[in-house]
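A short worksheet on the structure shown next.
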Amino acid sequence: MDHLELSEQELIRRESLKELSKLGINAYPADLYPVSHYAADILENFEANEDKHQEVCLAGRIMGRRIMGSASFAEIKDSTGRIQLYIKRDDICPDEDKTLYNTVFKRLLDIGDIIGVKGFVFVTQTGETSVHVKELTILAKSLRPLPVVKEKDGRTFDAFTDPEQRYRQRYVDLIVNDHVMDTFIKRTQIVNTMRNFFNEKGYLEVETPILQAIPGGAAARPFITHHNALNIPLYLRIANELYLKRLIVGGFDGVYEFAKDFRNEGMDRTHNPEFTVMEIYVAYKDYKWMMEFTEEMVERVALELHGTTVVQVGDKTIDFKRPYKRVTMLGAIKEHTGIDISGMNEEQLHAVCKKLGIETDPSMGKGKLIDEIFGEKCEANYIQPTFITDYPIEMSPLCKKHRDNPELTERFELMVNGKELANAYSELNDPIDQLERFQEQMKLSEKGDDEAMFIDRDFVRALEYGMPPTSGMGIGIDRLTMLMTNQQSIQEVLFFPQMKPEKRVEKDPDESFTKIGIPLEWVPVVRKAGYQRVKDLLDVENTNKLHQDLCGINKKNKLGLPNPSKEDVAGWINQ
RNA sequence: CGGUUUGUAGCUCAGUAGGUAGAGCAGCUGACUCUUAAUCAGCGGGUCCAGGGUUCGAUCCCCUGCAAACCGACCA
């Protein structure tokens, strides 16, 4: 990178780095640093146990400095939080040589640098627990200035809030916004709670293919890729359901997977192209059992995370205490529209949609129509956790027919805060029925539904060997985390949400510029003047102005290059 | 994919009824031995997102593009 491309502050930091080197200080030492204490532990335990804090060693990033002559306060942040340092010149420089304080600490160190300190803990006159530094070591120099966020009495100043920068440079977000790390720690706690819950019951965590020849198990548009050696298309999985059920066929009693799924669809506040779903399948169970299992799991997640089942989500207070209300889908529609659609055919359902003001198109079958009615008129009403049960058969091709009504399936979705959180079935294990359902999907596909499922013949073959009655459940981990951490957007619970690529200015290589006669040392100057492509330079009409601009940059940046003549400059671009 | 809004210093934001720009923090120089948004004095820092157009002149007006946010469409 050429120096003309750097900001003033970046140049100063690079200069500081060189000065450190001249002083014999390696700003990126290889040695381990013997950390003995963390910020949060010290703040919590110092008063009760002063003796154990007479010699502490900790490391972290400088987040702020208040220099007062020969004594200073600094704030460093480690993985557990922030703590204040008290640095006195004559303590870190006991001898005549005061360079470490006067030059290194005061001038060559910056906010953002990572340092290690040794010293003892004490409480300042204003009552803040701090580390009195006796020894200071540079562990890594920061060359880019951080956004400086300050806080006073709970109010934040100059907060780093631009979502684009926060997501693109999550590392910066994590450094300066303390609450961000909490959200991600909670996400992992949620996953750990679930994993423990399953393992305690003896279910096995497994891994299944992400690259699939047939993207099955859900209705969605997949990402497609290509395998060179096999010369076949492969799809990134949209679900792992069909593979997990093959494992139940194979004899496992319970299997689960925290799976990244990929769907080639829109992106917004609640959708990322890749997202995480936990799916679990348990043999010899049905969806009624799974409802109890699910509510026990969700309640436990809330309890372990918050110590209570009551969680604030936006302006709503949601109580995850079980049991949750159970409402059939047709019952829900009846309740919120006053219309009993049971037994209606496709035509009648189209009429109902029209009456309710719901847009439809001819490609929609019965299942999709009912789904639309529910989505438009009912879904948003279920704020407290509610199981919606017994979905129409057309919209659940992998689900067992309802034991009491062949029009319906043994399926439930868990609704929370007006949105679907989990989805579960008594799994369809009749291979003949399954093949017919796949064929129905084919017909939908031919009718224009581009999300209809493919036929997975190997999956049918597996069922033909016999799968025990099984119940399966899938739950969106990103959305569960959003609920449990009170975040409004999925980007806040993904470390690196998908973003459009950053646009890079097109640049010609240096050789392209030297080829038209520009001396190599002048190429950065030409770039600084705003010409990254030779073509743009050749389009310049006012060569006098260009000449003056270039000489001006030379002078302003004290580059000390002998200026070219007007004729030289004209010669470059008039070819 | 459609509508609305936004893009100005490292960060957060002003601003110019069209005459190439300001503040706070951060930075630099100096003062200061318990400060905490430290304080005080001084200084520097900007292709005002990119490309076209109108104009004597555009950061501002118009068009196109890029990126983001919000609201819709689609979906989990």
Side-chain angles (χ1 to χ4, degrees), chain A residues 6-13 15-16 63-75 82 84-91 101 106-107 110-112 122-128 130 132 142-168 172 176 218-221 238-239 261-277 359 371 375 413 419-423 450-451 474-480 482 488-491 499-506 527-532 536 549 553 556:
Chain A
L6 297 172
S7 71
E8 185 194 26
Q9 295 195 41
E10 288 173 297
L11 288 172
I12 288 166
R13 285 175 181 230
E15 212 42 55
S16 298
M63 300 305 289
R65 289 193 300 173
R66 295 178 285 278
I67 295 172
M68 295 157 298
S70 61
S72 299
F73 289 94
E75 199 177 329
R82 298 172 184 238
Q84 181 171 271
L85 305 179
Y86 180 64
I87 300 170
K88 210 165 142 185
R89 188 221 290 144
D90 298 333
D91 282 330
Y101 183 81
K106 275 170 72 174
R107 197 157 62 77
D110 291 290
I111 289 175
F122 75 112
V123 177
T124 65
Q125 284 171 15
T126 44
E128 179 151 345
S130 308
H132 190 126
S142 164
L143 296 180
R144 278 180 191 265
L146 280 176
V148 177
V149 181
K150 296 198 177 185
E151 208 194 274
K152 163 98 169 173
D153 301 332
R155 283 175 62 202
T156 305
F157 298 83
D158 300 330
F160 180 65
T161 53
D162 177 24
E164 177 169 5
Q165 292 197 72
R166 287 186 49 232
Y167 304 152
R168 283 195 198 283
V172 176
V176 303
R221 281 195 293 275
I238 55 175
D261 287 347
F262 305 83
R263 296 190 184 175
N264 203 344
E265 289 162 352
M267 287 163 55
D268 59 30
R269 219 178 78 253
T270 53
H271 298 84
N272 195 63
E274 56 181 294
F275 58 104
T276 305
V277 173
E359 281 184 43
D371 193 31
E413 288 194 355
K419 295 211 177 57
E420 176 196 341
L421 179 64
N423 181 24
D450 56 2
E451 288 178 352
I475 182 166
I477 297 299
D478 310 297
R479 293 198 175 168
L480 178 63
M482 285 167 68
Q488 331 294 322
S489 83
I490 198 168
Q491 285 83 3
M499 307 280 279
K500 290 197 191 173
E502 279 182 85
K503 202 184 84 180
R504 293 195 70 92
V505 183
E506 246 184 88
R527 291 192 193 278
K528 176 75 173 176
Y531 303 99
Q532 297 297 340
D536 297 338
D549 284 350
I553 291 168
K556 190 174 164 195

Nucleotide N/O to protein N/O under 3.5 Å, stretch nucleotides 20-23 of chain B:
none

Enumerate the protein-to-nucleotides 31-37 of chain B contacts in which both atoms are nitrogen or oxygen and the separation is below 3.5 Å.
unit_1	atom_1	unit_2	atom_2	d
B/C32	N3	A/I67	O	3.4
B/C32	N3	A/G69	N	3.1
B/C32	N4	A/G69	N	3.2
B/C34	O2'	A/Q125	OE1	2.2
B/C34	O2'	A/Q125	NE2	3.3
B/C34	O2	A/Q125	N	2.7
B/U35	O2	A/R66	NE	2.7
B/U35	O2	A/R66	NH2	3.3
B/U35	N3	A/Q84	OE1	3.0
B/U35	N3	A/Q84	NE2	3.0
B/U35	O4	A/Q84	NE2	2.7
B/U35	O4	A/T124	OG1	2.9
B/U35	O4	A/T126	OG1	3.3
B/U36	O4'	A/R66	NE	3.2
B/U36	O2	A/Q84	OE1	3.4
B/U36	O2	A/E128	OE1	3.0
B/U36	N3	A/E128	OE1	2.7
B/U36	O4	A/T126	OG1	2.1
B/A37	OP1	A/K152	NZ	2.5
B/A37	OP2	A/K152	NZ	3.4

Produce the list of close N/O pairs, under 3.5 Å, pairing protein atoms with atoms of nucleotides 3-10 of chain B; give distances to one decimal.
unit_1	atom_1	unit_2	atom_2	d
B/G10	N7	A/Q9	NE2	3.4

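Nucleotide B/G57 forms no Watson-Crick or G-U wobble pair with any nucleotide shown, as no partner meets the under 3.5 Å limit on both distances. Nucleotide B/A41 forms a pair with B/U29, judged by Watson-Crick or G-U wobble geometry with both contacts under 3.5 Å. Figure legend. B/A17 is base-paired to no nucleotide; pairs are counted as Watson-Crick or G-U wobble with both atom distances under 3.5 Å. A 3.5 Å limit on both hydrogen-bonding distances identifies no Watson-Crick or G-U partner for B/C48. Pair assignment for B/C34: none, as no Watson-Crick or G-U wobble contacts are both less than 3.5 Å. With a 3.5 Å ceiling on both atom-pair distances, the Watson-Crick or G-U wobble partner of B/C1 is B/G72. Checking B/C11 for Watson-Crick or G-U wobble geometry (two distances, each under 3.5 Å) identifies B/G24 as its partner.
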Can you give each donor-acceptor pair under 3.5 Å made by side-chain atoms of residues 66-73 of chain A, sequence neighbours left out, with the distance rounded to 0.1 Å?
unit_1	atom_1	unit_2	atom_2	d
A/R66	NH2	A/Q84	OE1	2.8
A/S72	OG	A/Y101	OH	2.7

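Per the geometry, OH belonging to A/Y167 stands 11 Å off C1' belonging to B/A68, to the nearest Å. Rounded to a whole Å, the CD atom of A/E164 is 10 Å from the P atom of B/A67. Rounded to an integer number of Å, the gap from CD of A/Q488 to P of B/A69 is 15 Å. One atom, CG of A/L6, and another, P of B/U47, lie 13 Å apart when rounded to the nearest Å. Distance CG (A/N272) to C1' (B/C74): 16 Å, rounded to an integer number of Å. If you take CZ of A/F160 and P of B/C13, they are 11 Å apart, rounded to a whole angstrom. In this structure, A/E15 places its CD atom 17 Å from P of B/G27, rounding to the nearest Å. What separates CZ of A/R166 from C1' of B/C11 is a distance of 14 Å, to the nearest Å.
Side-chain contact between A/D478 and A/T276: present, with at least one pair of heavy atoms (C-beta onward) separated by less than 4.5 Å. The side-chain heavy atoms of A/T270 and A/M482, taken from C-beta on, include a pair separated by under 4.5 Å. With contacts defined as side-chain heavy-atom distances shorter than 4.5 Å, the pair A/V172/A/F160 qualifies.
Looking at residues two or more places apart in sequence or on another chain, you find a side chain to side chain contact (heavy atoms under 4.5 Å, CB included) between A/D91 and A/K88, A/H132, A/K134. Residues forming a salt bridge (charged side-chain N to carboxylate O under 4.0 Å, His left out) with A/E75 (at least two apart in sequence, or on another chain): A/R82. For A/E413, the side chain to side chain contact (heavy atoms under 4.5 Å, CB included) partners are A/Y391, A/R411, A/M415, A/E420, A/N423, not counting sequence neighbours. Looking at residues two or more places apart in sequence or on another chain, you find no ring pair (Phe, Tyr, Trp, His ring centres under 6.0 Å) involving A/F157. With sequence neighbours left out, A/S142 forms a side chain to side chain contact (heavy atoms under 4.5 Å, CB included) with A/R13, A/D113. A/I12 pairs by the side chain to side chain contact (heavy atoms under 4.5 Å, CB included) definition with A/E8, A/S16, not counting sequence neighbours. Evaluation of the side-chain hydrogen bond (donor to acceptor under 3.5 Å, both in side chains) rule for A/D110 yields A/K141 as partners, not counting sequence neighbours.
For the C1' atoms, the distance linking B/U64 with B/U54 amounts to 15 Å, nearest Å. The separation of B/G22 from B/U4, taken at their C1' atoms, amounts to 29 Å, rounded to a whole angstrom. B/C74 and B/U59 have their C1' atoms separated by 38 Å, given to the nearest Å.
Among the heavy atoms of the strands, none lies under 4.0 Å from A/D371. Using a 4.0 Å heavy-atom distance criterion, A/D162 is classed as a sugar-phosphate-only contact. No engagement by A/R13 is indicated, since no non-hydrogen atom pair under 4.0 Å with the nucleic acid exists. Contacts of A/R269 with the nucleic acid, taken as non-hydrogen atoms under 4.0 Å apart, involve only primed sugar atoms and P, OP1 or OP2. Residue A/R168 is classed as a sugar-phosphate contact, given heavy-atom separations below 4.0 Å to backbone atoms only.
Counting heavy-atom neighbours within 6.0 Å of A/K419 NZ, excluding the residue itself, gives a total of 12 or less.
Judged as a salt bridge (charged side-chain N to carboxylate O under 4.0 Å, His left out), the pairs with a partner in residues 153-168 of chain A (not counting sequence neighbours) are, in order, A/E164-A/R168, A/R166-A/D173, A/R166-A/E492.
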